[in-house]
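Reading through the structure tokens given below for one structure.
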Amino acid sequence: MSNPSPSLPWCCPLCAQPLQLVERRLVCSQNHSFDLARQGYVNLLPANFKHSKAPGDDKSMLQARRDFLNAGFYKPLQDALVQIQSEVRAALGRGITALDMGGGDGYFSAALTDDQHRWFVSDISKDAVRLAAGRFGVAQCSVASSFKLPLADNSVDLVLRNFAPSSEPEVARVLRRDGFYCVVTPNDDHLIELRRCLYQQPKSHTAGAIEGLFQPLWTRQVSYSFDLTSKDHRQALLAMTPMAWRANLEQKQRWLDAEAVSVTANFTLALYQVAA
């Protein structure tokens with residue numbers, strides 16, 4: 001793939017040529033054209049890349065996550081990502097171009113973008129990207145698959161994968177040779193109080209190993225607890241997770257009827273670079 005202009009890393013999903021912003025469209029040299037939505041995002045997910053009519057999280061799950069995150073319950077995780085960005089900038093000695101891959105409504109990366117650091121957001125859910133676009137500038141958010149990213153080779157300094165599925169070869173392809181890959185995964189006791197309320201034997205979180213393509217630099221833990229005194233917040237937490245459709249009505253009601261509960265948040269943050 002050819003590299004597009006530094007300000008816009010998107011490439012055409014049909015021919016892999018750089019996309020340029022022309023009025024309200026992104027256009028490549030082969031005259032493939034992608035209209036900007038009214039909200040300012042672009043859809044770079046061709047119909048034949050989809051596995052369902054409306055892939056990704058639905059509106060109810062997205063709204064629940066938005067309500068929960070905006071209430072500040074994951075602010076310590078957001079703060080930890082701000083610190084990582086500062087360290088990446090220091091290591092590179094420049095402002096960065098970054099991708100929030102599977103970034104949902106952009107809650108985390110919106111806190112990272114500024115005059116020195118420009119973030120782009122991709123997600124397979126059109127509803128998620130529509131919400132994210134309200135936090136970012138024109139053409140910074142794209143409907144796209146994490147398994148076939150519409151970005152140029154060696155085009156971004158940092159990729160953030162926060163609970164999202166991915167293709168590690170794709171991440172390695174789009175990262176610059178001195179770029180970084182940040183992966184956030186839940187630990188075994190993350191939201192354990194919710195899982196114990198719903199299930200007699202809650203399953204452990206599993207995270208696939210990242211090997212071969214990346215060199216591990218370090219891992220850090222972000223662990224804390226938060227109080228859910230509001231039924232609305234308990235509902236939002238449940239609704240934003242896959243447990244909302246796995247649990248039956250009795251299990252859900254048991255959680256919603258619980259009195260004020262302290263909930264554990266426990267994440268592992270890992271930073272990598274492309275292996276030499």
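Heavy-atom basis, side chains included; hydrogens, waters and symmetry copies ignored.
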(Q) Tell me if a side-chain donor or acceptor on Gln17 pairs with a main-chain N or O of Ser29 at a distance below 3.5 Å. (A) no

Q) Does Glu170 use its side chain to pair, donor to acceptor, with the backbone of Leu149 at less than 3.5 Å? A) yes

(Q) Is the shortest side-chain heavy-atom distance between Leu131 and Arg66 below 4.5 Å? (A) yes

**Q.** Single-linkage hydrophobic cluster, 4.5 Å side-chain cutoff, Leu269 and Leu271 together
**A.** yes

Q) Do Glu168 and Tyr272 pass the side-chain contact (heavy atoms from CB on, under 4.5 Å) test, and can you show the C-alpha distance, the side-chain angles, and the key distance before you say yes or no? A) CA-CA 11 Å; Glu168 308 308 344; Tyr272 302 85; over 6 Å; no

Q) Going from CE on Met61 to CG on Asp127, what distance comes out if it is rounded to the nearest 0.5 angstrom? A) 12.5 Å

(Q) Let's go through Arg246 and Tyr199 carefully: what are the C-alpha distance in whole Å and the side-chain angles of both, what is the deciding distance for side-chain contact (heavy atoms from CB on, under 4.5 Å) to 0.1 Å, and is it a yes or a no? (A) CA-CA 10 Å; Arg246 291 175 184 162; Tyr199 310 117; 3.6 Å; yes

Q: Could you tell me whether the side chain of Asn187 and the main chain of His190 form a donor-acceptor pair under 3.5 Å?
A: no

Q.
When you measure from the side chain of Asp157 to the backbone of Thr97, do you find a donor-acceptor pair of N or O atoms at a distance under 3.5 Å?
A. yes

Q.
I'd like to know if the side chain of Gln221 and the backbone of Asn266 have a donor-acceptor N/O pair within less than 3.5 Å.
A. no

(Q) If I take atom CZ from residue Phe267 and atom CG from residue Leu81, how far apart are they, to the nearest 0.5 angstrom? (A) 9.5 Å

**Q.** Short side-chain to backbone donor-acceptor contact, Arg234 and Leu256, under 3.5 Å
**A.** yes

Q: Answer whether the closest heavy-atom distance between the side chains of His117 and Ile96 falls below 4.5 Å.
A: yes

Q: State, without any angle test, whether Glu193 and Ser262 hold a side-chain donor-acceptor pair at a distance under 3.5 Å.
A: no

(Q) When you compare the side chain of Phe34 with that of Ser142, does any pair of heavy atoms fall below 4.5 Å? (A) no

Q: Kindly say whether Tyr107 contributes a backbone atom to a donor-acceptor pair with the side chain of Gln78 at under 3.5 angstrom?
A: yes

Q) Closest approach of Arg220 and Ile84, non-hydrogen atoms and distance? A) NH1-CG1, 4.1 Å

(Q) On a heavy-atom basis, which atom in Leu36 and which in Leu21 lie closest, and how many Å separate them? (A) CD1-CD1, 3.7 Å

Q: Decide whether Leu77 and Leu112 are clustered together by the hydrophobic rule: side chain heavy atoms of Ile, Leu, Val, Met, Phe, Trp, Tyr closer than 4.5 Å, transitively.
A: yes

**Q.** Spacing of Met101 atom CE and Leu151 atom CG [to the nearest 0.5 Å]
**A.** 10.5 Å

Q) Can you check whether Thr229's main-chain N or O pairs, donor with acceptor, with Asp227's side chain at less than 3.5 Å? A) no

**Q.** Closest contact, heavy atoms only, Leu44 versus Cys11
**A.** CD1-O, 4.2 Å

(Q) Can you classify the ring geometry of Phe68 versus Phe226 as parallel (below 30°), tilted (30 to 60°) or perpendicular (above 60°)? (A) perpendicular

Q: Consider only side-chain heavy atoms of I, L, V, M, F, W and Y, link residues closer than 4.5 Å, and tell whether Leu213 and Phe147 are in one cluster.
A: no

Q: Can you establish whether the number of heavy atoms outside Arg177 located under 6.0 Å from its atom CZ is more than 12?
A: yes

Q | Between Asp67 and Gln63, a side-chain donor and acceptor under 3.5 Å | A | yes

Q: Determine, using the 4.5 Å side-chain heavy-atom cutoff (strictly less than), whether Phe120 and Tyr181 are members of one ILVMFWY cluster.
A: yes

Q: Can you establish whether the number of heavy atoms outside Arg254 located under 6.0 Å from its atom CZ is more than 12?
A: yes

**Q.** Worked check of side-chain contact (heavy atoms from CB on, under 4.5 Å) between Val143 and Val42
**A.** CA-CA 6 Å; Val143 182; Val42 63; over 6 Å; no

Q: Measure the spacing between CG of Asp100 and CZ of Phe108 and express it to the nearest 0.5 Å.
A: 9.0 Å

Q.
I'd like to know if the side chain of Asp123 reaches the main chain of Gly104, judged simply by a donor and an acceptor atom lying under 3.5 Å from each other, with no hydrogens or angles considered.
A. yes

Q: Begin from the C-alpha positions of Leu92 and Leu158 and carry the test side-chain contact (heavy atoms from CB on, under 4.5 Å) through to its verdict.
A: CA-CA 11 Å; Leu92 295 177; Leu158 173 63; over 6 Å; no

Q. Is the closest side-chain heavy-atom distance between Leu175 and Val156 below 4.5 Å?
A. yes

(Q) Show the nearest heavy-atom pair for residues Ala172 and Phe214, with the distance to one decimal. (A) N-CZ, 3.7 Å

Q: Check whether Trp218 and Leu160 end up in the same hydrophobic cluster, where Ile, Leu, Val, Met, Phe, Trp and Tyr are linked by side-chain heavy atoms less than 4.5 Å apart.
A: yes

Q. Just one of Arg135, Arg65, Lys59 clears the salt bridge (charged side-chain N to carboxylate O under 4.0 Å, His left out) bar with Asp105, so which one?
A. Arg135

Q | Considering all heavy atoms, the nearest Ala132-Val121 contact | A | CB-CG1, 4.3 Å

Q: Could you label the plane-to-plane angle of the Phe73 and His233 rings as parallel, tilted or perpendicular, counting under 30° as parallel and over 60° as perpendicular?
A: perpendicular

Q | Under 3.5 Å donor-acceptor, Arg25 side chain and Asp35 backbone | A | no

Q. Regarding Ser60 and Asp58, is there a side-chain donor-to-acceptor distance under 3.5 Å anywhere?
A. yes

Q) Between Pro13 and Pro46, is any pair of side-chain heavy atoms under 4.5 Å apart? A) yes

**Q.** Distance (rounded to the nearest 0.5 Å) between Ile124 CD1 and Lys148 NZ
**A.** 13.0 Å

**Q.** Which atom of Met243 lies closest to which atom of Leu194, heavy atoms considered
**A.** CE-CD2, 3.5 Å

Q | Approximate separation, where rounding is to 0.5 Å, of Leu26 CG and Cys12 SG | A | 10.0 Å

